[in-house]
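Remarks on the structure that follows.
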Amino acid sequence: MSHDEQLQQYLLPNYGRYDLWPVRGEGAQVWDRDGKRYLDFAGGVSVCPLGHCHPAVVEAISEQAKTLMHVSNWYCIDKQAELAQVLCDEVAAIRGKSFFCNSGAEANEGLLKLARRYGVQVRDVKKPRIITFSHSFHGRTLGAMFATSQEKIWGGFGLTPEELGYIHLPFNDFETLAHTLESQPDVVAILVEPIQGESGVNAVTPEFLRAAQDLCRKHRALLLLDEVQCSFGRAGEMAGWRTIVPGDEILPDGISWAKAIGSGFPLGAFWVRDTIVGNGEKPVHLCDLLGPGSHGTTYGGSPLACAAGLATIKVILEENLCQHAKDLGESIATEARAWNHSLLGEIRQFGLFIGFSLNSAALAPLADGKAPSIFLARKLLDAGLMTVPAGPDVIRWLPPLNITLQDADEALRILRLVLDGLVSHSAPATGD
Ligand code: PLP
């Protein structure tokens with residue numbers, strides 16, 4: 001049986017996959033089973049900050065695999081403790097504690113449980129509610145999926161966000177947030193992505209983030225940040241929200257991480273600020289609220305996963321990849337904006353987190369019923385460039401943070417060529 005036949009027969013049909021079979025990767029390049037080379041500006045959807053098979057990560061994983069791959073969280077794991085300190089000191093840069101899991105959805109589940117536990121035990125709320133925002137994406141587990149505001153993600157599963165305690169509000173709308181917190185005393189937290197990736201690289205405004213923090217403090221709601229896609233240098237800072245509000249002005253109560261943290265090795269984490277939240281006589285530290293028995297995982301934070309995480313963050317820091325991402329991202333955006341291309345709209349760029357919004361009206365007639373972003377991503381793939389659609393009208397670039405100027409030039413050249421080809425294809429025939 002061929003691999004194609006195996007895939008058809010044995011895998012669930014939940015992905016609309018491209019017919020591309022990558023078999024090898026190195027840095028920003030990937031080769032398929034026919035030997036065709038691609039420039040990977042999708043990066044496993046923001047998962048490979050150092051590109052494919054970075055020697056430092058390969059070595060860390062190989063060494064750890066030879067030493068100790070897994071032990072239960074019943075025991076103490078040295079690499080986990082080390083990584084927790086690095087996350088606290090170098091990424092959050094705020095005092096707090098972490099829990100390790102395997103994915104972004106699980107990291108968000110942890111934050112959602114933290115919020116509910118805080119509501120019940122500290123605020124004495126019977127049915128806690130959590131606010132999330134339009135166009136958000138928080139993952140595919142039951143909790144994270146209903147926290148996600150897009151109906152295409154949660155629809156058809158026989159529950160509603162309201163039943164699970166979520167309130168979805170418009171993104172960046174301070175008035176509505178203020179009004180809702182005023183009128184709904186059962187709200188115990190808000191969960192927000194500083195830069196929304198899945199729906200088109202849309203950032204929270206600094207004003208909104210500041211105001212949301214003030215409102216959270218006023219109403220004793222937790223400020224939770226979903227940093228699964230935008231952290232670890234992707235947007236130019238280790239902490240994604242510092243791209244929006246630099247410095248220490250924003251003090252999140254909880255943060256979720258995954259994707260880039262393990263360079264492709266499954267690893268996620270959530271972090272909780274060390275802050276006192278109780279009203280009673282005994283101080284309650286938020287970061288100690290999930291005590292023994294309240295949460296857990298078999299695989300999360302294994303020695304192997306944490307070795308991958310430690311190696312990844314070390315390289316990002318030592319090679320100053322945050323600054324590199326800022327510089328290169330800006331030069332890519334500047335060049336692409338200068339084209340004034342008829343098929344491109346606004347280009348939203350935060351480090352190497354870049355969204356090219358498309359002139360969908362012009363692309364739609366060519367797209368054969370597909371979303372313009374999916375159509376263009378396919379064309380780019382045929383031309384040797386892997387990218388990711390972000391909603392129907394945006395193409396996302398999430399290349400390794402250590403790409404070279406040549407990689408960036410090659411990607412821009414392919415994008416330009418494909419766009420120009422589409423323009424000439426769509427231009428009405430001129431008769432004489
Ligand atoms: N949160 C955000 C912001 C994401 O972008 C994603 C994945 O795209 C998730 C959560 C879910 O992460 P995972 O697919 O690892 O569960």
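Remember, it's 1-based here, ligands and their atoms both numbered in the order they're listed.
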Val45 touching ligand 1 at heavy-atom level, < 4.0 angstrom: no
So is Lys259 polar-close to ligand 1, meaning N/O to N/O under 3.5 Å? yes
So, regarding Glu193 and ligand 1 (criterion: nitrogen or oxygen to nitrogen or oxygen, under 3.5 Å), is there a contact or not? no
Suppose I only count heavy atoms of Asn108 and a 4.0 Å limit; which atoms of ligand 1 are within that range? 1 (N), 10 (C)
For atom 1 (N) of ligand 1, grab the closest protein heavy atom and report residue, atom and distance to one decimal in Å. Asp226 OD2, 2.8 Å
Within the structure, does at least one protein heavy atom fall under 4.0 Å of atom 8 (O) of ligand 1? yes
Judged by atom type as modelled, is there a donor-acceptor pair below 3.5 Å linking the side chain of Arg24 to the main-chain atoms of Trp31? no
For the 3.5 Å polar cut-off, considering only N or O atoms, please tell me whether Ala105 and ligand 1 meet it. yes
Under 3.5 Å donor-acceptor, Glu410 side chain and Leu385 backbone: no
Kindly say whether the aromatic ring centers of His295 and Phe270 come within a distance under 6.0 Å. yes
Please report which non-hydrogen protein atom sits nearest to atom 5 (O) of ligand 1, along with the residue it belongs to and the distance in Å to one decimal place. Gln229 NE2, 2.7 Å
Per-atom contacts of ligand 1 with Glu198, taking only distances under 4.0 Å to non-hydrogen atoms: 5 (O), 8 (O)
How about Gln229 and Glu198: does a side-chain donor come under 3.5 Å of a side-chain acceptor? yes
Modelled atom types, side-chain donor and acceptor of Gln323 and Asp327, under 3.5 Å: yes
Based purely on interatomic distance, does Ala258 place a nitrogen or oxygen under 3.5 Å from a nitrogen or oxygen of ligand 1? no
Specify the protein heavy atom at minimum distance from atom 13 (P) of ligand 1: its residue, its atom name, and the distance to 0.1 Å. Gly104 N, 3.4 Å
Counting from 1 in the order shown, the ligand 1 atoms closer than 4.0 Å to a non-hydrogen atom of Ser103 are 15 (O), 16 (O)
Looking only at atom types and distance, does a side-chain atom of Thr387 sit under 3.5 Å from a main-chain N or O of Phe41, one as donor and one as acceptor? no
State, without any angle test, whether Arg337 and Gln349 hold a side-chain donor-acceptor pair at a distance under 3.5 Å. no
Flag for His135-Asn202: side-chain donor and acceptor within less than 3.5 Å: no
Just by distance, do the side chain of Arg33 and the backbone of Trp21 share a donor-acceptor pair under 3.5 Å? no
Shortest protein contact, atom 2 (C) of ligand 1 (heavy atom only): Phe137 O, 3.3 Å
